[in-house]
Amino acid sequence: MSDLVARTGRLQQRYEGGCRLVAGCIPFKYRSSDESSSAKSEKIVEVLMINSTRGPGLVFPKGGWENDETVEAAAVREAIEEAGVRGDIMLLRAEISVPQLYLVINAMQFLGYYNFKSKSHRDKFSPEGSCKAAMFALLVNEELESWPEQSTRSRSWLTIPEAVKRCRHLWMREALEEGFCKWHDRPIASPSSSSLDRH
């Protein structure tokens, strides 16, 4: 049994323009390819998906973004509650030059906003079930042995092509293919608690 407890209820839920605001992430890790016997083995990206509680297929952790947290904190919380993983939201590195001073700025990078309709989350603030999800890339550094939703969720580490095939929702597939894959091809910085580093 987990000491962590999942948040429930809609009292703190954020809405904007008739849409329920959602935060989620694509948890990922690297593993070395087994095919290469050379010292320079290729790193393979694997993403973590969980079973849907509402039907077949797999999903990424996501849930309501609440008033007392940042969108990044909500995405990290959902990864812990639904998938039982902890990690770091990845940053994009952008170099800017200021006269006589060179700075490297790490800017929080989300993969994008994705709109979808929820059949199960309709209420007076979003009667049509409209949702707007901010999705992030989360580099996993810990898999928990127990987590709040482990009795209803199982985890699967998949390569990106496997994840595309098994993804339940079109919008999540788009977040993976058009958000994560394009993001992953850009230069990325190590996760950092500091938003400003000197060169």
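Residue numbers count from 1 along this sequence. All values reported here derive from a predicted model rather than from experimental measurement.
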- In sequence, state the C-alpha distance, the side-chain angles, and the governing distance for V76 and F136, and then conclude on side-chain contact (heavy atoms from CB on, under 4.5 Å). CA-CA 9 Å; V76 169; F136 295 87; over 6 Å; no

- Task: Would you please test R20 and K132 for side-chain contact (heavy atoms from CB on, under 4.5 Å) and show each step?
- Result: CA-CA 6 Å; R20 176 176 176 248; K132 181 179 178 180; over 6 Å; no

- Item | Candidate pair E177 and R173, rule salt bridge (Lys or Arg N to Asp or Glu O under 4.0 Å), full reasoning | CA-CA 6 Å; E177 291 180 308; R173 193 173 314 128; 5.5 Å; no

- Item | side-chain contact (heavy atoms from CB on, under 4.5 Å) evaluation trace for I160 with C181 | CA-CA 9 Å; I160 290 173; C181 290; 3.7 Å; yes

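In terms of heavy-atom proximity, A134 sits nearest to V71 at CB-CG2, 3.8 Å. Summarising the geometry of A75 relative to A23, their closest heavy-atom pair is N-CB, 3.7 Å, with the distance given to 0.1 Å. Closest approach of P27 to V140, counting heavy atoms only: CB-CG2, 3.6 Å. F116 approaches A133 most closely through the heavy-atom pair CE2-CB, 3.9 Å. Smallest separation of non-hydrogen atoms from E69 and E66: OE2-N, 3.1 Å. Closest non-hydrogen pair, N67 versus Q13, comes out as ND2-O, 4.1 Å.
Atom CZ of F28 sits about 7.5 Å away from atom CG of L138, to the nearest 0.5 Å. The structure places CE of M135 at 9.0 Å from CG of L176, a figure rounded to the nearest 0.5 Å. Taking CZ from R14 and CG from D68, the interatomic distance works out to 8.0 Å, rounded to the nearest 0.5 Å. I26 CD1 to M172 CE: the interatomic distance, rounded to the nearest 0.5 Å, is 8.5 Å. A distance of 8.5 Å separates SG in C25 from CG in L48, rounded to the nearest 0.5 Å.
Looking only at side-chain heavy atoms (C-beta outward), L58 and L158 come within less than 4.5 Å of each other. A heavy-atom distance below 4.5 Å is found between the side chains of V47 and F60. I50 places a side-chain heavy atom less than 4.5 Å from the side chain of V59. In this structure, R153 and E82 have side chains that are in contact, with non-hydrogen atoms separated by less than 4.5 Å. A heavy-atom distance below 4.5 Å is found between the side chains of R86 and N141. Contact annotation: the side chain of L144 never approaches that of V85 to less than 4.5 Å [non-hydrogen atoms, C-beta and beyond]. Residues E174 and L170 are in side-chain contact: their nearest non-hydrogen atoms beyond the backbone lie under 4.5 Å apart. A 4.5 Å side-chain heavy-atom check between C131 and K117 finds every atom pair outside the cut-off.
Between the side chain of N51 and the backbone N or O of S154, at least one donor-acceptor pair lies under 3.5 Å. R168 contributes a side-chain N or O that, together with a main-chain N or O of P56, makes up a donor-acceptor pair within less than 3.5 Å.
In this structure, R155 is positioned above the aromatic face of W147, its NZ or CZ under 6.0 Å from the six-membered ring centre and within 45° of the axis.
Here R31 pairs with E46 in a salt bridge; the nearest charged N to carboxylate O distance falls below 4.0 Å.
Side-chain contact, E162 with W157: no donor N or O sits under 3.5 Å from an acceptor N or O. With no hydrogens or angles considered, no side-chain donor-acceptor pair links T152 and E149 at under 3.5 Å.
Relative ring orientation between W171 and H169 is described as parallel, the plane-to-plane angle staying below 30° on a 0-90° scale split at 30° and 60°.
Within a 6.0 Å sphere centred on CD of E145, other residues, nucleotides and ligands contribute 12 heavy atoms or fewer.
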